[in-house]
Amino acid sequence: MTETQRETYDPGALEARWQAEWEEGGINSFTASELRSAPNPYYNLMMFPYPSAEGLHVGNIYAFTGADVHGRFQRLQGRDVFEPIGFDAFGIHSENFALKVGTHPMELIPRNVANFTRQLRRIGGMFDWDHTVDTTQPEYYRWTQWLFLQLYKGGLAERKEAPVNWCPSCMTVLANEQVIQGACERCDTGVEQRRIAQWFFRISGYAERLLENLDHIDWSDSTKKAQRNWIGRSEGALLRFPVAGSTPGPDSPQEEGEVVEVFTTRPDTVFGATYMVLAPEHPMVDRFTSPGRRGEVEAYRRRASAMDMVTRQKVEEKEKTGVFTGGYCRNPATGEDVPVWIADYVLMDYGTGAIMAVPGHDERDFEFATAFELPIVRVVNPHGEEGDDPPAEPFMGDGTMVNSDRFDGLPVSEAKEEITAWLQERKLGEARVSYRLHDWCISRQRYWGPPIPIVHCPACGPVPVPEEELPVLLPRVEDFKPDAQGVSPLARVEEWYRTTCPECGEEARRETDVSDTFLDSAWYFLRYPCADRDDVAFDEEITRKWLPVDCYIGGNEHAVLHLLYARFITMALKDLGHLDFEEPFTVFRAHGLIIREGAKMSKSKGNVIIPDRIIEEYGADTFRTYLMFLGPFEEGGDYRDEGIHGPYGFLKRLWETVVPVAELGDRPPDPEVERKLHQTIRKVSEQLPELQYNTSIAAMMEYLNAVRAGGRAAARGEVEPLVVLVAPFAPHLSEELWRRLGHQGSIFQGGNWPEYDPAKAEEKSATIAVQVNGKVRATLTAPVGIAEEEALELARSDENVQRHLDGGEIRRVIYIQDRLLNLVVG
RNA sequence: GCCGGGGUGGCGAAACGGUAAACGCAGGGGACUUAAAAUCCCCCGGGCUUAGGCCCUUCUGGGUUCGAAUCCCAGCCCCGGCACCA
């Protein structure tokens, strides 16, 4: 045994050495001038983590490794890859946890961040630690506040009293996105409605643009679909139902009488609208309520507002409820009076908060009408059917109009247009597009966030804090518990909120709400390259050079929250003249989910993977490689504890194969092995950009097996390129082997990705499957490019093929070059 | 209910419409060892067969095709998201 053979693969020591070398050499970080001058910039972004007390979980590591593999691959191909990481540390998660353990978040968060940083370094990501962000640092949130002011000045932020989702347990307002089936996404408590003055960003005005741009960006399909659904565009009409008894004139109903506006996607069915329903919160409910019904109406409204969202979760089982107001409107098509009800199945949030009910052609209205014995009228017949009797089931399909006066006989699609036009002429309606997307409520009645930089002045109203006075520091407050009344903790800190008006100098009061965490993360990618700048949020020149982000990788759980807000903020900043692009992420890829032994991981099940322990035992390279080997990156995979032996053995064998080569000198590569090498280079080079990591690793394993087949020793030319192919997955090991092969510096400097040579990859002989009537009866080995006749000749001489031909006539021959020959016999 | 993604060996998974199961885990056998580890070699979907080989097998049922895991239709099941959105 020689000394070199005894030197074993020791990932712990090797990885520590290389991490130190990267650090000292600044291999992964850019200086300010490098950022300006990089010839071939590539911005590789991953979703920054929320630094929990538990430390990085495998899901984080999986995502970061997948993104890092991509970044390293780009770098090996000669790109100047900027790969930053940071911490999304504001918000209710941190705050609730701090409350639970009784430690102030200002102490807790830095501790968690330090631990995360340690772990992030340990997994060997190519992070630029000189350009990191922590959203809770004044140096960062100063610019979050600046961003708010830009939107405010641009008219995109407004304060309005609005019904909001209120979680009585977390004691805070929730965004619609944070309400899951009527319950708080965090604590599962039923969500109530409250009216509070809130700050909103007018994202709904961007709905169409946010929707349209989806056609032009290279994002995971599932993510785009989710955004489309969330935006929820629907075409229809706004129809006006005059209030009965208010004597509307035919020309200008609004002037002479009141109207109720409804949004419908089925204006064609207006002749079948036999009643109306307002949301319980609708402002006109009082107007309709007759004295005799007031008590009932009031009771219903109270009940609805208390349990609104909660009861709505059980749509299926729930019986429709509602109350007649005693009032009537006139159907603008039939001229008949229809009763006005209120019911919680109509949402104040959507459309106009009021509907025309067409029980004949809408399931919900049908159910309601049946329950309360309201009239049902047929206005659409299925194609080929005739009749004008009330349908026994609501009919939503296509058909022809009936009971609709002069529109009878028209198909639904035409009736939609003509009836809308007809009502429009009489100013009783117009075509309208409606969106599900609401304005973004950014106010939070909590402590752990950036104070919204506004001063409320009794004389001047809301006044923005002058930019030069930013940041508005979040004060250290010991008692930061949320308040049951929905008053922000900061509202209890008088010495903090008492201030003077920036405009008139009179005594005034600071806004005591803080902003939503999603605002912090809606722009962080702009900050990274300029994280060292304290004079601007982001530098114009640097931004033009590095953005938009070339590739963004993250979880699809953020498909509609973070990703939509980031797009909106980018568009808004463009409109306000701060950016020259409007889509922040050129490419977005959603990664899959890791499960363990076939089951979802959760703390309660006690089956979470503890990364530190695995890395300690096998090394970061093995852990990374295994995670990427589990399954297709975009689909996720099943982490089985024993499976890690595969990738570990692979890296170990790679070490054992390459180390002797480095020390024992050279000889020419074996031609067969070299062929396989170039085939492998091709596969890996093609698959890595597609994030097909698992099959890339498989190809490399297959190749290493070929190199080592029968215990043969490798030649340098056989393994040196493999060391580079492996580098994105196992960067430390590759660095070490690269150095031992005699190279100076880092493998990641200088575009070392191997060139694929098609000539060398070419096979000399092909294995051709011979089928008789579609069943394989023989395989033959023949020179590549063999002609059909020759292949046929060879096939015929095969005994087994002959037997199956059995003297029958060959009716047809299908020949696929170098692959397959199918003989069809009759 | 709607929108995504899936159903392939004991397991994780591969397969431009062209030899299903590459790669890996687990398992079995062998070589080398005093022994173990490491390493290397072989086997490893099911059923037949003396051999040569044959039949079956990608959730189910139909279809298109010379040929289907792959395309089309219908259905079942699992995972994720949304959900009275008018």
Side-chain angles (χ1 to χ4, degrees), chain A residues 8 177 180-182 220-226 228-230 232 234 236 262-266 269 277 311-316 318 320 343-347 349-358 362-365 367-368 434-437 556-557 559-560 590 592-593 595 597-598 600 626 629-632 634-647 649-650 652-653 656 692 694-703 705 708-712 767-779 799-800 803-804 811-816 819-825:
Chain A
T8 54
E177 296 80 24
I180 311 296
Q181 297 196 359
S220 290
D221 248 18
S222 55
T223 312
K224 294 209 272 190
K225 279 260 165 59
R228 283 199 185 97
N229 288 343
W230 194 259
S234 60
V262 301
F263 175 74
T264 177
T265 55
R266 296 294 305 274
T269 62
V277 187
T311 41
R312 277 171 199 186
Q313 67 182 293
K314 284 173 193 138
V315 173
E316 300 300 319
K318 215 191 85 179
K320 290 271 183 293
D344 64 4
Y345 84 92
V346 173
L347 309 172
D349 265 0
Y350 185 76
T352 62
I355 62 156
M356 67 175 198
V358 185
D362 181 282
E363 262 177 33
R364 299 151 300 184
D365 297 344
E367 210 183 304
F368 191 83
S434 187
Y435 300 90
R436 213 187 79 113
L437 183 68
N556 233 357
E557 68 271 20
V560 288
L593 252 50
I595 57 173
E597 314 275 348
K600 223 159 115 180
Y626 180 43
F629 184 66
L630 287 177
E634 291 174 86
E635 283 165 39
D638 188 356
Y639 188 101
R640 304 185 71 254
D641 292 358
E642 297 199 297
I644 200 167
H645 295 143
F650 168 62
K652 189 165 180 286
R653 285 192 291 278
E656 283 161 1
Q692 290 160 2
N694 57 333
T695 48
S696 293
I697 294 166
M700 292 187 279
M701 287 174 165
E702 200 176 334
Y703 174 64
N705 290 344
R708 293 166 59 88
R712 69 183 285 277
T767 310
I768 298 170
V770 181
Q771 298 182 337
V772 178
N773 287 338
K775 296 203 180 221
V776 180
R777 298 304 179 187
T779 56
E799 202 180 302
N800 199 39
R803 222 181 38 201
H804 283 91
R811 294 243 214 109
R812 197 172 157 190
V813 177
I814 289 111
Y815 179 55
I816 308 296
R819 297 210 62 143
L820 175 136
L821 182 71
N822 188 9
L823 309 177
V824 185
V825 277

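Chain identifiers are assigned alphabetically (A, B, ...) following the order of the sequence lines, protein sequences preceding nucleic acid strands; residue numbering begins at 1 within each chain.
Residue-level contact check: A/R811 touches neither bases nor backbone, having no heavy atom under 4.0 Å from any strand. Backbone-only contact: A/G710 has heavy atoms under 4.0 Å from sugar-phosphate atoms and none from a base. Residue-level contact check: A/I355 touches the bases, meaning some heavy atom is under 4.0 Å from a base atom.
Under the side chain to side chain contact (heavy atoms under 4.5 Å, CB included) criterion, A/D641 pairs with A/R596, A/E597, A/Y639, not counting sequence neighbours. With sequence neighbours left out, A/K652 forms a side-chain hydrogen bond (donor to acceptor under 3.5 Å, both in side chains) with A/E656. By the side-chain hydrogen bond (donor to acceptor under 3.5 Å, both in side chains) test, A/T269 pairs with no residue at all, sequence neighbours left out.
Checked against A/Y815 for a side-chain contact (heavy atoms from CB on, under 4.5 Å), the options A/I768, A/N822, A/L820 give a single hit: A/I768.
Scanning all heavy atoms of the two residues, the minimum distance from A/M356 to A/V262 falls at N-CG1, 3.7 Å. A pairwise comparison of heavy atoms in A/S696 and A/Q692 identifies OG-O, 3.0 Å as the closest pair. The shortest non-hydrogen separation linking A/N773 to A/V824 is OD1-CA, 3.4 Å.
Summarising the geometry, the separation between CZ on A/R436 and P on B/rC2 is reported as 17 Å, rounded to the nearest angstrom. Atom CD in A/E367 sits about 9 Å away from atom C1' in B/rC84, given to the nearest Å. Summarising the geometry, the separation between CG on A/L593 and P on B/rG12 is reported as 17 Å, rounded to the nearest angstrom. One interatomic measurement links the two molecules: CG of A/N229 to P of B/rC2, which rounds to 13 Å at whole-angstrom precision. Rounded to an integer number of Å, the gap from CG of A/N556 to C1' of B/rG80 is 9 Å. One atom, CD1 of A/I595, and another, C1' of B/rA13, lie 13 Å apart when rounded to the nearest Å. Rounded to a whole Å, the CZ atom of A/F650 is 12 Å from the P atom of B/rC25. Atom-to-atom, OH of A/Y639 to C1' of B/rA13 comes out at 17 Å; the value is rounded to the nearest Å.
Remark: side-chain polar atoms of A/S220 are not paired, donor with acceptor, to backbone N or O of A/S222 under 3.5 angstrom. Between the side chain of A/D362 and the main chain of A/A357, no donor-acceptor pair closer than 3.5 Å is present.
The separation of B/rA20 from B/rC32, taken at their C1' atoms, amounts to 36 Å, rounded to a whole angstrom. If you take atom C1' in B/rU8 and the same atom in B/rU60, they sit 15 Å apart, rounded to whole Å. Straight-line distance between the P atoms of B/rA51 and B/rA13: roughly 37 Å, to the nearest whole Å. B/rA14 and B/rC23 have their C1' atoms separated by 7 Å, given to the nearest Å. Taking atom C1' in both B/rG17 and B/rC55, one finds a spacing of 24 Å when rounded to whole Å. Separating the C1' atom of B/rC44 from that of B/rU50 is a span of 24 Å, rounded to the nearest Å. The separation of B/rG63 from B/rU70, taken at their P atoms, amounts to 14 Å, rounded to a whole angstrom. Comparing the C1' positions of B/rA36 and B/rC43 gives an interatomic distance of 24 Å, to the nearest angstrom.
To the nearest 0.5 Å, atoms OH (A/Y626) and NE2 (A/H645) are separated by 9.5 Å.
Geometrically, A/K320 does not engage A/F368 in a cation-pi contact, judged by NZ or CZ lying under 6.0 Å from the ring centre and within 45° of the ring axis.
Both A/V824 and A/Y435 lie near RNA chain B, and the one whose nearest nucleotide falls closer to the 5' end is A/V824. Toward the 5′ end of RNA chain B lies the nearest nucleotide of A/I644, the other residue of the pair A/R812 and A/I644 mapping further downstream.
With both pairing distances under 3.5 Å, B/rC82 is matched to B/rG1 as a Watson-Crick or G-U wobble pair. Across all strands shown, B/rG47 is found opposite B/rC54 as a Watson-Crick or G-U wobble partner, with both distances under 3.5 Å. Using N1 to N3 plus N6-O4 or O6-N4 for Watson-Crick, or N1-O2 and O6-N3 for G-U wobble, each under 3.5 Å, B/rA37 pairs with nothing. Partner assigned to B/rA22 is none, using Watson-Crick or G-U wobble distances below 3.5 angstrom.
Residues A/M701 and A/F629 have side chains in contact (heavy-atom distance under 4.5 Å, counting atoms from C-beta outward). Looking at A/N800 and A/R777, their side chains come closer than 4.5 Å, going by heavy atoms from C-beta outward.
Annotated as anti: B/rG10, whose glycosidic dihedral deviates from 0 by more than 90°.
Neither OP1 nor OP2 of B/rG81 sits under 4.0 Å from any side-chain N or O of A/K224.
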Look for any protein N or O under 3.5 Å of an N or O in nucleotides 69-72 of chain B and output each such pair with its distance, or none.
none

* Structure fact -> The contact string for nucleotides 44-53 of chain B, one letter per nucleotide 5' to 3', using protein heavy atoms under 4.0 Å with B, S and - for base, sugar-phosphate only and none, comes out as ---------S
* **Base-contact (B) and sugar-phosphate-only (S) positions in nucleotides 15-24 of chain B, heavy-atom cut-off under 4.0 Å, - elsewhere** => -B-BB--BBS
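Within a 6.0 Å radius of CD1 in A/I595, more than 12 heavy atoms belonging to other residues, nucleotides or ligands are found.
Side chain A/K600 to base B/rC79: no donor-acceptor pair is found below 3.5 Å.
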